[in-house]
Student: 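Let me give you the structure first, and then I'll get to my questions.
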Amino acid sequence: MTALATGDAARAAAAPRRRPGPARFAPALSGYAFVAVTLLAAGTPAADLLRYTLYAALAVALPGTLLWRTLRRRPHTLVEDVAMGAALGLVLELAAWAACTAAGLPGWLRLWPVAVLLPYAAVPRLRRHWRAGGTTPVPTGWAWSLAGVVAGFTLYLSESFLRVNPVLPTDEGQAQYIDLAFQLSLAGAATHQVPLEVPQVAGEPLHYHWFGFAHLAAASLVSGVDLPTVFFRLAVPALCALAAVLVAVVGWRVTGRPYAGVVAAGLMFTVGEFGFENGLRQLFGSQVTFIVWGSPSMTYSWVLLLPLIAVLAEIVGRARGSTVPPVGRGAWVLAVLLLAASTGAKASSVPVVLAALAFTVAVLLVTRRRPRPVLVAAALALAAQVFATAVLFAFESHGVTVEPFSGLRPYVGEGHSGPVTALLWALVLVAFLLNLQLRLAGVVALLRLRRWRLEPAQVFLLGGALAGPAVYLLVAHPGSSNQYFTRTGFAFGVLLSGWGFAELLDRAALTTRGRVLLGVGAASLALALTAYQLRFPAIVPPDRPSAAVLPLLCWAAALLVGVVLVALLWPGLVDRWPGLAGRGPLVLLTAVLVAGAPGLVLDAAAARYFTNGGAYAVERMPASRVQAARWVRAHSAPEDVLATNVHCRVVVSGWCDARSFWLSGYAERPVLVEGWAFAPRMVGRPEGPYAPFWDAERLRANDAAFTAPTAAGLAELRDRYGVRWLVVDRTVEPESPDLAELADLRHENARMAVYRLR
C-alpha cells in the first residue's frame with residue numbers, strides 16, 4: 001500500500017488542493033489505457049474493444065450516473081458519480097433486458113438507454129444532472145494509487161486468465177476449466193430467454209443466481225461484440241476494475257476518509273490470501289484471485305453489493321465527523337433497487353447483508369440505541385431473501401446442508417488419537433483465520449482504538465465481515481460453493497480494515513517523509529516476501545489438503561519470529577531514530593496487512609505450471625468441436641433445440657462424468673440432453689457428477705437418434721422435444737449410416753458432423 005492516509009484526511013476531503021482541469025483525468029485515462037493495452041496484447045480485436053467501451057460508457061455508466069445524481073442529495077466526487085452510476089446502470093440494464101427478452105425483442109435492447117436519456121434531455125428539472133458541477137476533486141495520491149491497484153490486478157488477470165484462455169480454441173488439445181463453458185451457456189441462453197432454463201437439458205427450469213449472465217448477454221446484444229469475446233476478454237477485467245473503484249469510493253463514503261477506501265481496494269485486489277504454497281490452488285475452498293475469473297458472477301455481485309453497503313451504512317448511521325455529503329432520502333430507493341438486483345446476482349449476497357443488519361440491530365438494542373431505520377432495512381433485506389428463495393431458487397438447496405466445520409475437516413484428517421485430533425483442529429482453525437482473514441487485521445486495530453465502542457456503521461461492517469466466514473463454517477457444499485459467503489464478507493471486512501488502518505495512521509501523525517518511508521517499507525517487505533516464496537515454493541499435492549496447512553503455519557511462525565526480534569530491538573531503534581516512538585503498532589499493522597501480498601503473484605506464476613490456470617477440473621475443448629458448435633449458432637434460430645451424442649466429460653470405470661457443456665456454451669442454443677451434472681436437481685447428489693440422468697426415456701430417445709435412427713424416432717424428437725439439429729462427435733461414437741438417409745447432413749469436419757432434421 002503505497003498511498004497512506006494522513007492525519008488531515010478530513011481536511012483533505014473537505015478542501016483538497018485543486019489541480020488543472022485535464023490533469024485530474026490522467027490517473028483514470030492511464031488506468032484505462034493499461035487495461036486496453038493488456039486486452040489488445042491478449043488478442044482482443046481493437047474494434048470490439050472500442051464497441052465495448054462505448055457500450056460501458058453510454059449504455060451503462062451514463063444512464064446510471066444520471067439516476068444516481070437524481071437520487072443523491074449533493075455531489076461528492078466525479079469518480080463516485082460514475083462508479084455508483086455504473087452499478088445502477090447494471091440494475092437498469094437488468095430490468096431492460098428482462099422486458100425486451102420477455103417480449104421476444106432482444107434486439108431492441110440496444111435502444112433501452114434512450115428511454116433514460118430522453119427524459120433527462122427533455123425535462124428542464126432533469127437537465128442539470130448532465131453537469132458535474134460542485135464535485136470535489138480527489139487527492140492526487142488517491143487517484144494514482146487506485147489506478148495502480150486496477151493495473152496490477154489486470155496484469156494478474158492477463159497471466160492467470162487471458163493468456164491461457166483463447167476466445168475460441170485454436171487446436172485439438174485446448175483445456176478449459178469446466179465451469180467456463182457452463183457459464184458461457186448461461187449467457188448464451190440469456191440472449192433470448194427469460195427466465196433461464198438449464199441449457200444442457202432443454203425445458204428444465206434453472207433455479208440459480210443467473211443475473212450476472214444476463215448482464216453478459218446484454219453486453220453482447222447492445223455492443224454487438226461476439227459473446228465469447230465478451231466472456232473471455234472484456235467483461236471480467238471491466239467488472240474487476242469497476243469493483244476496485246467501488247471499494248475505494250464506498251470506503252471513502254462510509255468512513256469519511258479518502259485513503260481508507262483506497263487501502264481497502266488494495267487489500268481486496270492486491271493483497272491475496274496468506275500462505276506458503278502453490279500446489280493446492282484453493283486452500284479452504286477459496287482463492288480470491290481465482291474466483292474473479294472462475295466465477296464472474298462473484299465479481300458482478302460485488303459491483304452491486306458495494307453500493308448497497310454504502311447506502312445501508314448511511315441508513316444505519318453516518319460516520320461521526322464525516323465531510324462526505326449524505327445521500328439523503330434517495331438512500332431508501334437505492335437500497336430497494338440494489339437489494340432486488342442482488343437477489344439473483346449471487347446467492348451469498350443477501351443472506352450476508354441480512355445477517356449484518358440483524359447483528360447491528362442486536363448490538364444497538366444491547367447498547368440501548370434506537371434501531372428503527374435498521375429494522376426497516378432488515379425487513380427489506382428479509383423480503384429480498386424470501387423472494388430469492390421462493391421465486392428464483394424455488395426452495396432448491398443446491399446441495400447446501402448444515403454441517404458445521406465441514407470445510408475444515410479434510411485438513412484435520414482421520415485416524416488420530418483424541419488429543420492429537422484436538423490439537424490438529426486448533427491448528428487448522430488458526431490456519432483458516434490466517435489464510436483468509438489476515439488482511440482484516442485492521443479491524444482488530446479499530447476495535448482496540450475504539451475500545452470496542454463502535455459506531456453503528458462500523459457495527460454493520462463488522463456484522464458482514466463476521467457473517468461471511470461464519471456461514472462458511474456452518475454449512476457444507478459438495479463443490480465448496482459455501483466459500484462464496486466468505487467472499488461476500490470480504491466486501492465488508494476490507495472496508496472496516498481500511499478504516500482501522502486509517503485511524504491508526506491518524507494517531508501516528510506521520511510527516512510527509514514518514515509516510516513515504518512507511519510506504520517504501522511496506523512495498524519492500526511485500527517484494528522480499530514474494531521473492532522468497534517464488535524462490536523457495538512449498539509444492540503441495542492437490543489431493544493432499546492436510547499437507548497444505550503445515551507450510552502455512554511454519555511460514556507464519558517464521559514471520560512471527562521476525563516480529564518478535566524487531567519488537568526486542570525496537571527500544572534501541574527508537575533511541576537511534578526518535579521519530580519511531582509511538583509508531584510501533586502502525587508498523588506492525590502495515591507488515592501484517594502486506595503479509596499476503598505474495599498471493600497474487602504466486603497465483604499468476606503458478607498458472608504457468610497448471611492446466612488452464614490451475615482450475616480444479618478441466619474439460620478438453622477441441623477446436624473442431626467448437627467450430628461445429630459455432631456453425632450451428634450461425635445457421636439456426638435461437639429457439640432451435642439441439643441433440644448430441646456427447647454427455648460425458650470423461651468416462652471412469654463405465655460411469656459418465658456428466659459435466660460436458662461445450663455445445664450449449666458455444667452454440668448458444670438449448671440442448672435436449674448434454675451434460676446434466678449442474679442441473680439444480682442434481683447438485684448435491686451422493687454420486688456427484690456421476691449421477692445418472694433422471695429421465696431415462698428422454699435420454700433413450702436422444703441416443704437412439706444417433707445409434708439406431710428411425711423415421712418415427714426422429715419425428716418424435718422434432719415434434720415432442722423441438723429438436724431441429726443433431727450434432728455428432730464421431731470420436732465418441734460414429735453415427736449410424738442410416739442417419740444420412742433420414743436427415744440432411746449440413747456440415748462436417750475431421751471430427752464432427754451436423755445434421756438437420758427434415
Student: After noting the C-alpha distance and the side-chain angles of V728 and T644, does the key distance pass the side-chain contact (heavy atoms from CB on, under 4.5 Å) rule?
Tutor: CA-CA 6 Å; V728 185; T644 183; over 6 Å; no

Student: Kindly state whether the ring of W97 and the ring of W210 have centres lying under 6.0 angstrom apart.
Tutor: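 Ring-ring flag for W97/W210: true, centres closer than 6.0 Å.
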
Student: Run the salt bridge (charged side-chain N to carboxylate O under 4.0 Å, His left out) check on E619 and R659 step by step: do they pass?
Tutor: CA-CA 8 Å; E619 178 182 10; R659 293 180 291 180; over 6 Å; no

Student: Give a yes or no on whether a salt bridge exists between D226 and R630, defined as a side-chain N under 4.0 angstrom from a carboxylate O.
Tutor: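 R630 and D226: salt-bridged.
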
Student: With a 4.5 Å heavy-atom cut-off, do P237 and T38 have their side chains touching?
Tutor: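 The answer is no, as the side chains (C-beta and beyond) never meet within the 4.5 Å cut-off.
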
Student: Between H635 and W631, how do the two ring planes meet: parallel, tilted or perpendicular, split at 30° and 60°?
Tutor: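 H635 vs W631 ring planes: parallel.
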
Student: Is the distance between the ring centroids of W293 and F161 less than 6.0 Å?
Tutor: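 Ring centroids of W293 and F161 are less than 6.0 Å from each other.
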
Student: Rounded at 0.5 Å granularity, tell me how far NZ in K346 sits from OG in S301.
Tutor: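 K346 NZ to S301 OG: 6.5 Å, rounded to 0.5 Å.
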
Student: Heavy atoms, side chains only, cut-off 4.5 Å: are M298 and V292 in contact?
Tutor: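 Heavy-atom side-chain distance check fails, nothing below 4.5 Å.
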
Student: Is E748 salt-bridged to R730, cutoff N-O under 4.0 Å?
Tutor: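 Yes, E748 and R730 are salt-bridged.
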
Student: Given V626 and M621, is the side-chain contact (heavy atoms from CB on, under 4.5 Å) satisfied, shown in steps?
Tutor: CA-CA 7 Å; V626 173; M621 198 62 62; 3.7 Å; yes

Student: Hey, are the side chains of E668 and V632 touching, using non-hydrogen atoms and a 4.5 Å cut-off?
Tutor: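 The answer is no; the side chains never approach within 4.5 Å.
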
Student: With a 4.5 Å limit on heavy-atom distance, are the side chains of R233 and V167 in contact?
Tutor: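 Contact flag for R233/V167 side chains = yes.
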
Student: If you look at every heavy atom in N702 and A643, which pair is closest and at what distance?
Tutor: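 So the minimum-distance heavy-atom pair works out to OD1-CB, 3.5 Å.
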
Student: What distance do L58 atom CG and S223 atom OG have between them, rounded to the nearest 0.5 Å?
Tutor: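 Going from the CG atom of L58 to the OG atom of S223 covers 12.0 Å.
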
Student: Would you please classify the geometry between the Y300 ring and the H215 ring as parallel, tilted or perpendicular, with 30° and 60° separating the classes?
Tutor: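 Taking Y300 first and then H215, their aromatic rings lie parallel (interplane angle under 30°).
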
Student: Evaluate salt bridge (charged side-chain N to carboxylate O under 4.0 Å, His left out) for R751 paired with E172, printing each intermediate quantity in order.
Tutor: CA-CA 10 Å; R751 179 183 187 128; E172 295 299 285; 3.7 Å; yes

Student: Do Y156 and D603 pass the side-chain hydrogen bond (donor to acceptor under 3.5 Å, both in side chains) test, and can you show the C-alpha distance, the side-chain angles, and the key distance before you say yes or no?
Tutor: CA-CA 8 Å; Y156 158 75; D603 196 66; 2.7 Å; yes

Student: In terms of ring plane angle, is the pair F232 and Y666 parallel, tilted or perpendicular, where the classes change at 30° and 60°?
Tutor: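 Parallel: the ring planes of F232 and Y666 meet at under 30°.
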
Student: Passes salt bridge (charged side-chain N to carboxylate O under 4.0 Å, His left out), D657 versus R649? Steps please.
Tutor: CA-CA 5 Å; D657 179 350; R649 182 178 73 96; 3.0 Å; yes

Student: Side chains of H209 and Y484, heavy atoms from C-beta outward: is any pair under 4.5 Å?
Tutor: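 No, side chains not in contact.
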
Student: Would you please name every residue forming a side chain to side chain donor-acceptor pair (under 3.5 Å) with T191, sequence neighbours left out?
Tutor: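 Partners of T191 by the side chain to side chain donor-acceptor pair (under 3.5 Å) criterion come out as none, since no residue qualifies.
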
Student: Before you tell me yes or no, could you show the steps for L642 and L672 under side-chain contact (heavy atoms from CB on, under 4.5 Å), namely the whole-Å CA-CA distance, both residues' side-chain angles and the distance that decides it to 0.1 Å?
Tutor: CA-CA 6 Å; L642 317 180; L672 182 64; over 6 Å; no

Student: Can you find a heavy atom in the side chain of L186 that is under 4.5 Å from one in the side chain of P199?
Tutor: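 They are in contact (side-chain heavy atoms under 4.5 Å apart), so the answer is yes.
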
Student: Could you tell me whether the side chain of L117 reaches within less than 4.5 Å of the side chain of L66, counting heavy atoms only?
Tutor: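 When only atoms from C-beta onward are counted, L117 and L66 do touch, with a gap below 4.5 Å.
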
Student: Could you check whether any side-chain heavy atom of S348 comes within less than 4.5 Å of a side-chain heavy atom of R487, counting everything from C-beta outward?
Tutor: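 No; the side chains remain at least 4.5 Å from each other.
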
Student: With under 30° as parallel and over 60° as perpendicular, where do the rings of H647 and W676 fit, or are they tilted in between?
Tutor: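 Ring orientation of H647 relative to W676: tilted.
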
Student: As a quick check of understanding, evaluate side-chain contact (heavy atoms from CB on, under 4.5 Å) for V60 and L90, giving each step before the final call.
Tutor: CA-CA 6 Å; V60 177; L90 293 177; 3.9 Å; yes

Student: Which pair of heavy atoms, one from D179 and one from G294, lies closest together, and at what distance?
Tutor: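 What the structure gives for the nearest pair is CB-O, 4.3 Å.
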
Student: Does atom CH2 of W694 have more than 12 heavy-atom neighbours from other groups under 6.0 Å away?
Tutor: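 Atom CH2 in W694 is crowded, with more than 12 foreign heavy atoms closer than 6.0 Å.
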
Student: Using the rule side-chain hydrogen bond (donor to acceptor under 3.5 Å, both in side chains), only one of E204, E396, H207 pairs with R681; which is it?
Tutor: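 Looking at E204, E396, H207, the match for R681 under the side-chain hydrogen bond (donor to acceptor under 3.5 Å, both in side chains) is E204.
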
